[in-house]
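Whatever order the structure lists ligands and atoms in, that order sets their numbers, starting from 1. On a predicted model such as this, the values are computed, not experimentally measured, just so you know.
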Amino acid sequence: MRTQVGIVGAGPAGLLLSHILHLQGIDSVIIEAKSRSYIEERIRAGVLEHGTADLLCEIGCGQRMRAQGLVHGGIELQFSARRQRIDFQELTGGKSVVVYAQHEVLKDLIQARLDTGGQIFFEADQVSIHDFESASPHPRIRFRKDEIDHELTCDFIAGCDGFHGVCRPSIPASALQVFERVYPFGWLGILAQAPPSSHELIYSNHDRGFALLSMRSPTISRLYIQCDPEDDIAAWSDDQIWSELHARLEGIDGWKLIEGPVLQKGITGMRSFVVEPMQYGKLFLAGDSAHIVPPTGAKGLNLAAADVRLLARAFAAYYKSGRTHLLDQYSETCLRRVWKVQRFSWWMTSMLHRFEDDTPFDRRRQLAELDYVTSSRAGAQSLAENYVGLPFD
Ligand SMILES: Cc1cc2nc3c(=O)[nH]c(=O)nc-3n(C[C@H](O)[C@H](O)[C@H](O)COP(=O)(O)OP(=O)(O)OC[C@H]3O[C@@H](n4cnc5c(N)ncnc54)[C@H](O)[C@@H]3O)c2cc1C
């Protein structure tokens, strides 16, 4: 098999890249380890920056999102028994975010690829990448599908295979620099069959630990509590989880959290991670394969979209004019945004969570920071500008 860009991974990064390349007349093939149904049901992110939502519309994949997504013009911050709204629209000149589940985005992108003749190999085993050094004329992706070995020859490989994929570890370790912070807590998340108890997300800094009220649709709530990352989810009963959520989110003007049957629950560790550079020879990393952010800033999916937007532009310039300047600058250009998003996600995480080794001084400073952000226009505007998404260019 032969294609121009071989893509490993059918997450947001791989699917978006493939579809944008198609619209530029560039051929690609996606190799994905999981099944289509697994990907279309995997619950993950749910907040789209205004630029990510616009991008989906620009490439013709925004119809269901526009019909079903919930447009949010702000978030609520809760601390010291009060709740204050950060008004994105007023602070950013009318910008907002869209709450639309990641797996719904993936359904739209997969359908768009298949409708336009795109090739996705789901359930591929033993995926490996070869000959992607600069001097090599033809990088190759090998995989096994339905008991048959395949080899895909391409001009370039896009490593869109997430944090646990094969692409990043295939680069010689000596060529990469890793920057990492692992947080001493995780998020216990539930999906509940309950209408959201608030129109907008509520981020709560509570003495018992952080809590987040979010949603996926008008009938499904997504709720999180800070927990020990080593906790066994089976040891948390639904009653215990609801009781923590009530304790950490209620207490404001008689406001009540609406309960409902728990449809899914799990614990996710929290990590900040960046690898530099995001390219090696003819291999380009995008999305979680190159960086991870703690979910507090709702940035993982959005950062993946920002990477592939640049990567698609660089491939388009190469295939149009033969010039490699944008490909050569890919990592450097991406990393400017990556580090700003890392900073924001770390800052939100630090401001909202309880850290075990916090001194009373740290706690007072944390509450003062929330007070500043919610009472100063400059503080609120900085949060709003980052949350709705920094400009792409
Ligand atoms: C449990 C969980 C909850 C999250 N919640 C949030 C949230 O609330 N908010 C937020 O902003 N972000 C969240 N994120 C992060 C966000 O979902 C990711 O940042 C986003 O999915 C990144 O997209 P990606 O395409 O780079 O990687 P992924 O979505 O990870 O896609 C990578 C794809 O590559 C495939 N793959 C892996 N290895 C191979 C291989 N060897 N061969 C072929 N294919 C392979 C995988 O199956 C996957 O489909 C969450 C992540 C997780 C894991």
Next item on the list: Quick one: look at L301 and ligand 1, take heavy-atom pairs under 4.0 Å, and tell me if it's side chain, backbone, both or neither.
Entry: backbone
Margin query: Evaluate E32 for polar contact with ligand 1, using N/O atom pairs at a separation under 3.5 Å.
Written below: yes
Check: So, for A286 and Y330, which heavy atoms are closest and what is the spacing to 0.1 Å?
Finding: CB-OH, 3.6 Å
Check: Quick check: does G165 get an N/O under 3.5 Å from an N/O on ligand 1?
Finding: no
Item checked: F163, any N or O under 3.5 Å of ligand 1 N or O -> no
Checklist line | Nearest-0.5 Å distance, OG1 of residue T153 to CD of residue Q4 | finding: 13.5 Å
Check: Parallel, tilted or perpendicular: which describes the rings of F185 and H353, with under 30° parallel and over 60° perpendicular?
Finding: parallel
Checklist line | Options K299, R44, Q102, ranked by nearest heavy atom to atom 30 (O) of ligand 1, top entry | finding: R44
Check: Only one of I7, I141, I157, V8 forms a side chain to side chain contact (heavy atoms under 4.5 Å, CB included) with L152, so which one is it?
Finding: I141
Margin query: Please work out, at 4.0 Å between heavy atoms, whether the side chain, the backbone, both, or neither of H103 comes within that distance of ligand 1.
Written below: neither
Check: Got the closest protein heavy atom to atom 1 (C) of ligand 1, with its distance?
Finding: T268 OG1, 3.8 Å
Next item on the list: Provide, to 0.1 Å, the distance between atom 44 (N) of ligand 1 and the closest protein heavy atom, together with that atom's residue and name.
Entry: A33 N, 3.2 Å
Check: For ligand 1, is any non-hydrogen atom under 4.0 Å from A124's backbone (N, CA, C, O), its side chain (CB onward), both, or neither?
Finding: neither
Checklist line | Y100 six-ring centre to R66 NZ/CZ under 6.0 Å and within 45° of normal | finding: no
Next item on the list: Identify the protein heavy atom lying closest to atom 12 (N) of ligand 1, giving its residue, its atom name and the separation to 0.1 Å.
Entry: A45 CB, 3.3 Å
Check: Backbone N or O of Y387 within a donor-acceptor pair of the K299 side chain at under 3.5 Å?
Finding: yes
Next item on the list: Heavy-atom distances under 4.0 Å are what count here, so tell me which part of V8 touches ligand 1: side chain, backbone, both or neither.
Entry: side chain
Note to self: Could you identify the single nearest non-hydrogen protein atom to atom 37 (C) of ligand 1 and state the distance to 0.1 Å?
What the structure shows: D161 O, 3.2 Å
Checklist line | Any donor-acceptor pair under 3.5 Å from S136 side chain to F132 backbone | finding: no
Margin query: Within the structure, is a non-hydrogen atom of P12 found at a distance of less than 4.0 Å from ligand 1?
Written below: yes
Check: Purely on distance, is any nitrogen or oxygen of A13 under 3.5 Å from one on ligand 1?
Finding: yes
Checklist line | From D288, V308, I129, I30 - option closest to atom 18 (C) of ligand 1 by heavy atom | finding: D288
Notebook entry, point to check: Rounded to the nearest 0.5 Å, how far does CZ of R216 lie from CD1 of I43?
Noted result: 7.0 Å
Checklist line | Side-chain (N205) to main-chain (L367) donor-acceptor, under 3.5 angstrom | finding: no
Notebook entry, point to check: Roughly how far, to the nearest 0.5 Å, is the CG atom of D125 from the CZ atom of F143?
Noted result: 10.5 Å
Notebook entry, point to check: Do Y224 and R222 meet the criterion of a side-chain donor-acceptor pair at a distance under 3.5 Å?
Noted result: yes
Checklist line | Shortest protein contact, atom 41 (N) of ligand 1 (heavy atom only) | finding: V166 CG1, 3.5 Å
Next item on the list: Determine whether any heavy atom of Y224 lies closer than 4.0 Å to an atom of ligand 1.
Entry: yes
Check: Are any of the N/O atoms in R42 less than 3.5 Å from those in ligand 1?
Finding: yes
Notebook entry, point to check: Considering only the protein, which heavy-atom contact is closest to atom 31 (O) of ligand 1, and what is its distance?
Noted result: G11 CA, 3.4 Å
Margin query: Using the rule side chain to side chain contact (heavy atoms under 4.5 Å, CB included), only one of L223, I258, I202 pairs with S197; which is it?
Written below: I258
